[in-house]
Every structure is written in C-alpha cells, then in structure tokens.
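Worksheet: one structure, shown below.
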Amino acid sequence: MLTPFTKRALQVIKGIPEGKVLTYGGVAALAGNPGGARQVSRLLHSMSEKYDLPWHRVINAKGKISLKPSQGYELQRALLESEGIGFSKNDTVDLSVYLWDGVPRC
DNA sequence: CCACTGACTACTT
DNA sequence: CAAGTAGCCAGTG
C-alpha cells in the first residue's frame, strides 16, 4: 500500500503539462510533503513505468538533470526539448520560464 | 518491523 | 562557485 503522499505525488507528476517542468521538491511540496524530494526520486525510479509517469518532466532544484550521461540524461533532455523546453548553455532548464506552479490557469 | 538506499535540498566551509 | 555535511521520508528486501 502506498502512502497518501505517494499517490498524490503521482497525480501531481501526471498533471504536469507539456512544456513545463517541476523540481523534486516542487512535486513533494505539492504532494503535501515538503522535504520529501528524495521520495519523489524513488517514485520516478521505481514506479514511473507502472504508473505511466512523465518522469522526464521532473528535474532537480537547480533546473538540471540529476541523471548522469548513459543513465538516461540524454533521453530526458531529448524528451524535454521535444516538448518545447529549452536548455541554457549550462545544460540547465530555465526554471523561471518552465517551472510549473502546479496551478493550472482557470 | 528493521536496515539500507536513494534521479534531493539547504546550509556551511 | 565547488565540495562536504546533515536532514529529510518512503519503497524494497
């Protein structure tokens, strides 16, 4: 049985629109557990396929991909770019532009 | 149930 | 700015 936090985190991640990204802490906070950023990483790592999560839309607080090359880094970056998300020359995503507030307009 | 692990974050040096 | 340390919580065995 998963905790309420986990289930909510799944919904949050699945609710991220294309062209937007969220940080681990952001997902955790929206799930009602600020500080549970690490759990989010576990969710993506262990349950992304089972729960059909857009794991590539979740990055670290610095707007960078936490994965290392040959670990999925290139894949995630390619997926993000295909959704219209641009990377800075530092290989970082512009969070001030692409960070999703978790508040769908309307 | 206990211990280990982890795609993190923030603070400190 | 880079590296190290501590705090954080939950899934898996």
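Quick note: numbers below take in every heavy atom, side chains included, and nothing from hydrogens, waters or symmetry partners. Throughout, protein chains are lettered first and strands after them, A, B, ... in sequence-line order, and every chain is numbered starting at 1.
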- What are the residues of residues 76-94 of chain A, sorted by number, that bring a heavy atom to within less than 4.0 Å of DNA chain B? Q76(A)
- May I ask you to test the F87(A)-D94(A) pair for a side-chain heavy-atom distance under 4.5 Å? no
- Item | Phosphate OP1/OP2 of dC8(B) contacted by S41(A) side-chain N/O (<4.0 Å) | no
- Kindly compute the distance separating OH (Y73(A)) from NZ (K68(A)), expressed to the nearest 0.5 Å. 13.0 Å
- Note on the structure: Rounded to the nearest 0.5 angstrom, the NE2-CD1 distance for H56(A) and I85(A) is 7.5 Å
- Query: Nearest 0.5 Å, what's the CG-CH2 distance between L79(A) and W55(A)?
  - Reply: 6.0 Å
- Note on the structure: One should read off an interatomic distance between K20(A) NZ and I16(A) CD1, to the nearest 0.5 angstrom, of 11.0 Å
- Item | Pair E83(A) + R57(A), salt bridge at N-O below 4.0 Å | yes
- Query: Rounded to the nearest Å, what distance is computed from the CG atom of residue L75(A) to the P atom of nucleotide dA7(B)?
  - Reply: 16 Å
- Would you check if L22(A) and L99(A) make a side-chain contact, meaning some heavy-atom pair closer than 4.5 Å? yes
Contact list (N/O, under 3.5 angstrom) for nucleotides 1-5 of chain C vs protein:
none

- Between H45(A) and dG6(B), does any side-chain N or O lie under 4.0 Å from OP1 or OP2? no
- Test item: K64(A) and V93(A) side chains (from C-beta on) under 4.5 Å apart, heavy atoms: no
- Task: Could you pull out all residues at least two apart from S70(A) that satisfy side-chain hydrogen bond (donor to acceptor under 3.5 Å, both in side chains)?
- Result: none
- Taken to the nearest 0.5 Å, the spacing of S66(A) OG from H45(A) NE2 works out to 12.0 Å
- Task: Give every residue pair that meets the salt bridge (charged side-chain N to carboxylate O under 4.0 Å, His left out) criterion with at least one member in residues 41-55 of chain A, sequence neighbours excluded.
- Result: none
For nucleotides 11-13 of chain C, list the nitrogen or oxygen atoms of the protein found under 3.5 Å from its nitrogen or oxygen atoms, one pair per line.
unit_1	atom_1	unit_2	atom_2	d
dG11(C)	OP1	T6(A)	OG1	2.6
dG11(C)	O4'	R42(A)	NE	3.4
dG11(C)	N3	R42(A)	NH2	3.2

- Who passes side-chain hydrogen bond (donor to acceptor under 3.5 Å, both in side chains) against D91(A), sequence neighbours left out? R77(A)
- Would you kindly give the OH-to-P distance between Y24(A) and dC8(B), to the nearest whole Å? 6 Å
- Query: Just checking F5(A): base, sugar-phosphate only, or nothing, at a heavy-atom cut-off of under 4.0 Å?
  - Reply: sugar-phosphate
- Query: What residues in residues 26-38 of chain A put a non-hydrogen atom under 4.0 Å from any atom of DNA chain B?
  - Reply: A37(A), R38(A)
- Any donor-acceptor N or O pair under 3.5 Å, side chains T92(A), N90(A): no
Under-3.5 Å N/O pairs linking protein and nucleotides 2-4 of chain B:
none

- Message: Is there a side-chain contact between V58(A) and I13(A) in this structure, where contact means two heavy atoms from C-beta onward sitting under 4.5 Å apart?
- Response: yes
- Query: Hey, what do you get for CG (N60(A)) to CD1 (I65(A)), rounding to the nearest 0.5 Å?
  - Reply: 9.0 Å
- Message: If the condition is side-chain hydrogen bond (donor to acceptor under 3.5 Å, both in side chains), which residues does E74(A) pass it with, not counting sequence neighbours?
- Response: none
- Item | Atom pair distance, as rounded to whole Å: CD1 in I13(A) and C1' in dC8(B) | 13 Å
Might you list the N or O atoms of the protein lying below 3.5 Å from N or O atoms in nucleotides 11-13 of chain B, with each pair's distance?
none

- Using a 4.5 Å cut-off on heavy atoms from C-beta on, say whether the side chain of Y51(A) contacts that of L43(A). no
- Item | Nearest atoms (heavy-atom pairs only) where A37(A) meets A28(A) | N-CB, 3.7 Å
- Query: Residues from residues 52-65 of chain A sitting under 4.0 Å of DNA chain C, heavy atoms only?
  - Reply: none
- Sequence neighbours left out, what pairs pass side-chain hydrogen bond (donor to acceptor under 3.5 Å, both in side chains) with at least one residue falling in residues 2-12 of chain A? T3(A)-T6(A)
